[in-house]
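Just below is one structure, and these are the notes that go with it.
What's counted below: heavy atoms across the whole structure, side chains too, no hydrogens, waters or symmetry copies.
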Amino acid sequence: MKYNMLFIRKIVLASAVAVLALIYACQVVLGSKSSVKNFGCAKDFDRIQIQSQEKGLVELKKIDGAWKTGSKDVDETSSSDFVDAIKNIRCLGIVEKSSDEASLERYGLTPANRISVSVFSSDKVLFSFEIGKDAAEGSQSYVRIGDGKEIYLCASSLRETFSINEEDIIKEEKSE
């Protein structure tokens, strides 16, 4: 009888170890999926519209390989910053799955606070996103991609890049 009880305990213990090992394996496999998502415009584009209530509308057009706003040339550093940011939006995860008024207010995505960026090829919209406020962690900001309801935490401060007016990005004339 004692031998039988000891055998049953060993089987129960071995079964428990096997179940725990299976749970651990599932957690390792499922937990290794990264929540980082990369968004951006992979296609070539020739026009960028940046709109905010604070700074107004800024429109950049690519003419003969150079970015211009109106008839003035855009500073090359600014234009390359815009293009890089548009092509590589790295989001660390979803912070909100709905876009109700309270969420938009919390993340700075109300019409009064957001910066809207649209990217075009000819007159066709290729990609758009909205930039909310900067996160408390530092150089991160909140973003909503296209018409989606999800609000993401972005790995860079897109607000710093796109909070501009025309005067900020015009190439300075060299005086002789």
Contact check, side chains of Ile145 and Phe127, non-hydrogen atoms, under 4.5 Å: yes
Ile170 versus Lys72, closest heavy-atom pair with distance: CD1-CD, 3.6 Å
Smallest separation among heavy atoms of Gln140 and Cys154, with atom names: CB-O, 3.2 Å
Closest heavy-atom pair and its distance - Ile48, Val117: CG2-CG1, 4.2 Å
Shortest non-hydrogen contact between Arg159 and Asn113, atoms and distance: NH2-O, 2.7 Å
Single-linkage hydrophobic cluster, 4.5 Å side-chain cutoff, Leu104 and Tyr152 together: no
Which residues share a side chain to side chain contact (heavy atoms under 4.5 Å, CB included) with Ala85, sequence neighbours left out: Leu158, Thr161, Phe162
Any side-chain heavy-atom pair of Gln49 and Leu57 under 4.5 Å: yes
Heavy-atom side-chain proximity of Asp168 to Lys55 below 4.5 angstrom: yes
Side-chain touch Val95/Tyr107, heavy atoms, less than 4.5 angstrom: yes
Close side-chain approach of Tyr142 to Leu153, heavy-atom, < 4.5 Å: yes
Thr77 side chain reached by Ser79 side chain, heavy atoms, under 4.5 Å: no
Flag side-chain contact, heavy atom, 4.5 Å: Ile86 against Phe129: yes
Side-chain touch Leu60/Val58, heavy atoms, less than 4.5 angstrom: yes
